[in-house]
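The structure appears below as structure tokens.
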Protein chains: 2
Amino acid sequence: MKQKVTLKQIAKELDVSISTVSKALKDSAEISLDTRQKVKAFAKLYNYKPNNIALSLKNRKTKTIGVIIPEIVHHFFTTVIGGVEKVANAKGYNVIICSSNNSFDKEVINMEMLASGSADGFILSVAKETQLKKDYHHIQETMSQGMPVVLFDRIIDEIVCDKVIIDDAKGAQMATNHLLSIGCRNIAIITTVDYISVGKLRTNGYLRALRGYDIPEKEEFILKIEDVGNCEAEISEFLLNKDIDAVFAVNELFAVTATKVLNEQGKTVPNDVAIIGFTDGILSKHFIPSLTTISQHGEDMGIRAAKLLIDKLECDDTEAEEYRTVIIDTSLVERKSTKK
Amino acid sequence: MKQKVTLKQIAKELDVSISTVSKALKDSAEISLDTRQKVKAFAKLYNYKPNNIALSLKNRKTKTIGVIIPEIVHHFFTTVIGGVEKVANAKGYNVIICSSNNSFDKEVINMEMLASGSADGFILSVAKETQLKKDYHHIQETMSQGMPVVLFDRIIDEIVCDKVIIDDAKGAQMATNHLLSIGCRNIAIITTVDYISVGKLRTNGYLRALRGYDIPEKEEFILKIEDVGNCEAEISEFLLNKDIDAVFAVNELFAVTATKVLNEQGKTVPNDVAIIGFTDGILSKHFIPSLTTISQHGEDMGIRAAKLLIDKLECDDTEAEEYRTVIIDTSLVERKSTKK
DNA sequence: GAATCTTACGCAAACGTTTGCGTGTGGAAA
DNA sequence: TTTCCACACGCAAACGTTTGCGTAAGATTC
């Protein structure tokens, strides 16, 4: 079991100094051609790789990006990560992914862990609990220590930093308008409780679209789900005997569940009720009927977020006091669940 | 923008030496109570956090686990990661996730990157390309440098190390037997090309189950898919006018696609054809009809893999020359696609 | 043969820690 | 007053790099 070889060992073997080895490997003109070749051959033979840790310590940067997301088993977030990885790897950055599991504490711990030397900057979508508690000290502290942060999707208005979002309200409006345009007039919405920022925004978009058609908002057409685990029962009760011709669901699971529940209640999608979802994931695509949905373009979000972060990391800190919010376009992916 | 505070700065402010500060923060008896309190108060005030990089360099370990998986946007792999994170975090380890994107080169690059200082050990499921090329030098090198590796799911028999797998053949046999037990006799299989280890094993299990019932293997009942992206067309052609009463698909996508195709061809699931899949993911659960499937218990795999790795990391290297292969039980999750 | 210039290398500091050991100070014992 | 012992602290090395600068030895110039 040969241990990893260091400059020091090479130096000793070749009976030169450490600095000579280091310079030789970098093809410094200071070192004679002869020595350079000898060192390089030796290094290759022993498969020398510089120790990243030592480099990080010396350079005071790690060339790695920390990504913290609320859930790792989640299609949307993983597509975002895919986008981040693409540009990060292209620019020589490593990506460390941590999941907060929607726990405030775990978010703080992960952030502090990565902030104390493991990452140069962060791409972050905050945990539910964080949105509820409104405690953002960990993010503020990280930023005040000079580490840039890019927030995406579940962002926080009070924090001044780069952000990548979609226009959730607009997307929801687009979804609702699509339902309206195919003739639906009794449109229910299945959404989340209000403290989830995106849920609230999507609800707003839904309401705005209704107003555009002079359709009064009906309390009984709005279902706000707190406990996702038990959504099927809630949705079932909500939908039973309700005189609706369309459902707008703010995520995939709600859309799929609504479809299932409607089937059980003897209604067919899209003939009796049209359904539209949010987030273009694997479920919407493969479900029967396939679900019309609003695509968030997760990969694009990741790409933009990574670019923003790397820009901040690589520009001189002097000119860094300018923050941008990138709004990714949503688009309507029309499938069978809204074909009348 | 206050920079991160170091021992040196605290030492200077308090006019003591760096070592005094370090020892004081560790409550060393060497330091007077008075000084200890002063230092701690100051450290808290300035929110001192030891620099992980420096610690890693000093201790020659990073307390982080490198996980490399073929795809990040993949339900099974993310559940495994979930399991890894659980035990890693509980034991004070960080988790770095990298995806090889099924590319051999990216797998090598990621591994070398993490191996050169960023991680103490690896949990790895190899890329398709790696299985095809049979080039494992990067794994061998990593291990010979003293970094333990745990392989899971897509493992490599030739490599001697800890492994966590399911008994793919047995799982496939269980699936096929289930179909046989409900009366199916003309069972097709939709599988992958043979160089994917798990695909081949599952095919073997299918064949073994058939033999158990003295059913001859029929070439025309076996579809091996190379290009997953185009599987719908292949499956459609394969299934057309075929006299079968059941399909065993080696993954979720194939199972869902088969169901869809059968529907289009005028057959219903499960009445005309029963379907069983492999991997208990989000699709199987929510599809209509919900799909009977073999669960791989991804989270368990992650948990076991992390435990194996951490054991290796924390035991004395002397007694480390013993490798274990953990076989996770698969289980049949019966849903509607096989209810006659 | 002396003065100067090149060439080829080594020294040492720095990044932020930890820790074994050395040491100055003060008080107590003799 | 001398000796000794705790006590409280600092020194320095080490982890593996990079890099500016100093400096030998040899080559060149006059």
Side-chain angles (χ1 to χ4, degrees), chain A residues 3-40 42-43 46-64 112-113 115-120 145-147, chain B residues 3-40 42-43 46-64 112-113 115-120 145-147:
Chain A
Q3 275 300 319
K4 307 179 65 167
V5 59
T6 69
L7 288 187
K8 191 194 279 193
Q9 290 161 36
I10 300 184
K12 202 205 281 187
E13 294 282 332
L14 260 43
D15 205 36
V16 293
S17 78
I18 294 178
S19 28
T20 302
V21 177
S22 175
K23 287 169 184 170
L25 289 174
K26 293 200 138 40
D27 251 335
S28 161
E30 252 182 287
I31 308 298
S32 72
L33 190 64
D34 193 50
T35 312
R36 264 185 276 169
Q37 287 174 339
K38 221 179 299 174
V39 169
K40 282 199 223 161
F42 202 88
Y46 279 84
N47 193 27
Y48 169 78
K49 295 264 161 45
N51 181 313
N52 282 335
I53 295 284
L55 286 181
S56 298
L57 186 58
K58 184 115 201 25
N59 302 331
R60 287 129 136 306
K61 60 178 143 189
T62 62
K63 276 274 186 180
T64 97
E112 289 184 347
M113 194 158 201
S116 52
S118 304
D120 296 337
Q145 287 175 355
M147 277 171 284
Chain B
Q3 274 299 322
K4 305 180 66 167
V5 60
T6 68
L7 288 186
K8 191 194 279 194
Q9 290 162 34
I10 300 184
K12 202 203 284 187
E13 294 281 333
L14 260 44
D15 205 37
V16 293
S17 78
I18 294 177
S19 29
T20 301
V21 176
S22 174
K23 287 169 184 167
L25 289 174
K26 295 199 138 39
D27 252 335
S28 161
E30 251 181 289
I31 309 298
S32 72
L33 190 63
D34 193 49
T35 313
R36 266 184 276 169
Q37 287 173 339
K38 221 180 298 174
V39 170
K40 283 199 222 161
F42 201 88
Y46 279 84
N47 193 28
Y48 168 77
K49 294 264 161 46
N51 181 314
N52 282 335
I53 294 283
L55 286 179
S56 297
L57 187 57
K58 184 118 205 18
N59 302 331
R60 291 131 133 303
K61 59 178 148 189
T62 63
K63 277 275 187 180
T64 98
E112 289 184 346
M113 192 158 204
S116 54
S118 304
D120 296 338
Q145 287 176 355
M147 277 171 286

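Residue numbers begin at 1 in each chain, while the letters A, B, ... track the order of the sequences. Because the structure is predicted, anything quoted here is derived from the model rather than measured.
- For C:dC15, the OP1/OP2 oxygens have a side-chain nitrogen or oxygen of B:Lys8 closer than 4.0 Å.
- Position along DNA chain D of the nearest nucleotide to A:Gln9 versus B:Leu33 favours B:Leu33 as the more 5'-ward residue.
- Evaluation of atom-type donor-acceptor distances gives a pair under 3.5 Å for the side chain of B:Lys23 against the base of D:dG10.
- Between the C1' atom of D:dG16 and the CD atom of B:Gln145 lies a distance of 15 Å, rounded to the nearest Å.
- Looking at heavy-atom distances under 4.0 Å, A:Ser28 makes no contact with the nucleic acid at all.
- Between the CD1 atom of B:Ile31 and the P atom of D:dG10 there is a distance of 7 Å, given to the nearest Å.
- Distances shown here put a side-chain N or O of A:Ser32 below 4.0 Å from the OP1 or OP2 atom of C:dC9.
- Counting all heavy atoms, side chain and backbone alike, A:Met113 lies closest to B:Asn52 at O-ND2, 3.0 Å.
- Side-chain proximity of A:Ser17 to C:dG16, D:dC15, C:dG10: nearest is C:dG10.
- Taking the side chain of B:Ala54 as heavy atoms from C-beta on, and the options D:dG10, C:dT17, D:dT17, the nearest nucleotide is C:dT17.
- Listed candidates were D:dG16, C:dC11, D:dT19. Nearest to the side chain of A:Ser22 is D:dT19.
- Here C:dT18 is the nucleotide among D:dT19, D:dG16, C:dT18 with the atom lying nearest to any side-chain atom of B:Lys26.
- Here the P atom of nucleotide C:dA13 and the CD1 atom of A:Ile18 are 14 Å apart, to the nearest Å.
- When the side-chain nitrogen and oxygen atoms of A:Arg60 are compared with OP1 and OP2 of C:dG16, one or more of them lie within a distance under 4.0 Å.
- Of the residues B:Ile31, B:Asp34, B:Val21, the one that meets the side chain to side chain contact (heavy atoms under 4.5 Å, CB included) test with B:Val39 is B:Val21.
- In this structure, B:Asn59 places its CG atom 20 Å from P of C:dC15, rounding to the nearest Å.
- Closest contact between the side chain of B:Lys58 and the listed nucleotides D:dA8, C:dG16, D:dG10 involves C:dG16.
- If you take CG of B:Leu14 and C1' of D:dA8, they are 15 Å apart, rounded to a whole angstrom.
- Each of D:dC15, C:dG16, D:dC21 was ranked by its minimum atom distance to the side chain of A:Glu30; first place goes to D:dC21.
- The 5' end of DNA chain D is approached more closely, in terms of each residue's nearest nucleotide, by B:Arg36 than by the other of A:Leu57 and B:Arg36.
- B:Tyr46 is not listed as a side-chain neighbour of B:Ile10, based on a closest heavy-atom distance of 4.5 Å or more.
- The NZ-P distance, from A:Lys12 to C:dG10, rounds to 15 Å in whole Å.
- Taking atom CD on A:Gln37 and atom C1' on C:dA8, their separation rounds to 15 Å, with Å as the unit.
- Atom CG of A:Asn51 and atom C1' of C:dC15 are 13 Å apart (whole Å).
- Rounding to the nearest 0.5 Å places CZ of A:Arg60 at 12.0 Å from CG of A:Asp120.
- Closest approach of B:Gly117 and B:Thr62 over heavy atoms only: O-CG2, 2.9 Å.
- Note that the CD atom of A:Gln37 and the CG atom of A:Asp27 stand 9.5 Å from one another [nearest 0.5 Å].
- At a threshold of 4.0 angstrom between heavy atoms, the contacts of B:Ser19 include nucleobase atoms, whether or not backbone atoms are also involved.
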